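One structure is given here, and the rest of the page talks about it.
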Amino acid sequence: MKKERSHGLYSANPRQYRFCEIRVAQGNAGGGNSAHLTEALAFGVGYDTHAALLAAIMTCTRHRPILAKVDDEKIAARLAALGNNMFGVVSTGTTLRSPSMPEHIWVEFGNGNVNANNYWFRECRNRDIPNLRISKRTKYVKLNWDCISLDGRSEAHVMGESGSALTKAMFKTYQGIARRIPGKSLFSGSSFVGSVDPLLPELSLRSC
């Protein structure tokens with residue numbers, strides 16, 4: 001069985017999705033059919049057709065976008081099924097974690113920057129997303145998350161048995177990344193609130 005290459009939860013609103021379409025197309029040196037690309041992207045985030053994904057996106061709001069798990073293997077399989085074998089291995093990770101992604105779901109700022117921290121908390125609360133932030137230091141960074149910014153209707157997945165299962169999944173992801181961190185690193189907390197410290201800057205975006 002092939003290992004699934006997935007990039008976690010992706011906030012699929014029209015601006016985000018269009019950004020991904022353009023960037024993935026730009027990264028494909030071989031050209032290819034744009035209609036096939038949009039169908040494959042939709043399939044890769046769990047929808048049978050591009051039309052079905054667009055219909056789902058249109059039912060959400062900026063504050064409550066749908067969340068999708070991106071699967072590169074499914075994208076590649078759909079492209080191959082449509083006759084686009086020139087794509088080869090598909091990797092959307094760089095695009096999904098790009099700092100230029102519209103309405104990205106994390107922020108980076110200097111350690112101890114209270115104003116930036118307060119601004120980002122208000123932004124997260126307004127958008128009803130977890131407060132995910134990277135505190136930058138001289139060499140290493142600290143990844144922090146806190147779901148206190150979520151509306152009560154949005155936090156079921158980080159509470160009870162679902163929260164425990166998510167914590168285990170997060171820790172498993174951390175273990176895979178920690179092997180590349182020089183020295184000791186600590187995963188502390190739960191799916192609701194916690195941190196990873198220290199992290200190399202390039203690994204912090206992967207963790208997000």
Side-chain angles (χ1 to χ4, degrees), residues 6-20 22-23 27 60-70 91-155 157-159 163 166-167 169-208:
S6 149
H7 300 295
L9 292 177
Y10 157 64
S11 172
N13 61 41
R15 294 180 68 209
Q16 304 280 57
Y17 184 66
R18 183 57 180 159
F19 177 89
C20 286
I22 293 171
R23 289 304 172 91
C60 69
T61 67
R62 177 174 179 266
H63 298 299
R64 289 184 177 277
I66 59 173
L67 296 178
K69 191 172 185 179
V70 184
S91 179
T92 58
T94 301
T95 297
L96 294 179
R97 298 189 184 96
S98 170
S100 58
M101 171 78 84
E103 300 181 4
H104 53 275
I105 60 172
W106 76 90
V107 72
E108 301 176 65
F109 51 77
N111 191 45
N113 188 332
V114 176
N115 289 335
N117 187 50
N118 290 341
Y119 167 81
W120 181 241
F121 171 75
R122 291 192 295 270
E123 177 73 7
C124 291
R125 186 174 57 187
N126 288 338
R127 290 169 56 189
D128 193 21
I129 61 175
N131 184 350
L132 185 61
R133 60 199 185 279
I134 299 170
S135 301
K136 297 188 292 186
R137 300 174 182 139
T138 304
K139 183 177 181 180
Y140 297 106
V141 301
K142 180 181 181 181
L143 172 64
N144 309 271
W145 63 89
D146 192 338
C147 294
I148 193 67
S149 54
L150 292 178
D151 184 286
R153 295 170 293 173
S154 305
E155 60 182 25
H157 65 293
V158 293
M159 306 295 286
L166 180 56
T167 299
M170 292 170 63
F171 185 70
K172 184 176 181 180
T173 299
Y174 160 74
Q175 286 179 310
I177 295 173
R179 299 188 184 99
R180 299 174 55 188
I181 304 173
K184 294 183 178 180
S185 176
L186 178 65
F187 177 103
S188 176
S190 66
S191 58
F192 190 87
V193 59
S195 64
V196 174
D197 188 28
L199 272 175
L200 292 171
E202 61 269 24
L203 295 181
S204 64
L205 291 181
R206 182 178 177 185
S207 300
C208 289

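Heads up: numbering here begins at 1 and tracks the sequence. Computed from a predicted model, the values in this text were never measured in an experiment. The analysis underlying the following values was restricted to heavy atoms, covering all of them including side chains, and did not include hydrogens, waters or symmetry mates.
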Contacts of [X] that satisfy side-chain contact (heavy atoms from CB on, under 4.5 Å) - sequence neighbours left out:
| X | answer |
| --- | --- |
| Phe121 | Arg125, Asn131, Ile148, Ser149 |
| Leu166 | His157, Val158, Met170, Ser191 |
| Asn115 | Asn113 |

[atom1]/[X] to [atom2]/[Y] distance, rounded to the nearest 0.5 angstrom?
| X | Y | atom1 | atom2 | value |
| --- | --- | --- | --- | --- |
| Leu199 | Lys136 | CG | NZ | 14.5 Å |
| Trp106 | Arg133 | CH2 | CZ | 15.5 Å |
| Asn118 | Glu123 | CG | CD | 13.5 Å |

For the student: nearest non-hydrogen atoms of Pro198 and Ser185, plus distance | O-OG, 3.0 Å
For residues Lys139 and Pro201, report the shortest heavy-atom separation together with the two atoms involved.
->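 Taking Lys139 first and Pro201 second, the nearest heavy atoms are O-CD, 3.5 Å.
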Partner set under side chain to side chain donor-acceptor pair (under 3.5 Å) for [X], not counting sequence neighbours:
| X | value |
| --- | --- |
| Ser135 | Asn144 |
| Arg137 | Asp197 |
| Trp145 | none |

May I ask you to test the Leu200-Tyr140 pair for a side-chain heavy-atom distance under 4.5 Å?
-> yes
So which of Leu132, Val107, Leu150, Ile129 actually passes side chain to side chain contact (heavy atoms under 4.5 Å, CB included) with Cys124?
-> Ile129
Kindly assign one of parallel, tilted or perpendicular to the pair Tyr174 and Phe187, based on the angle between their ring planes and the thresholds 30° and 60°.
-> tilted
Using the side chain to side chain contact (heavy atoms under 4.5 Å, CB included) rule, take Asp146 and Phe192 through it: C-alpha gap first, then chi angles, then the decisive distance, then the call.
-> CA-CA 6 Å; Asp146 192 338; Phe192 190 87; 4.1 Å; yes
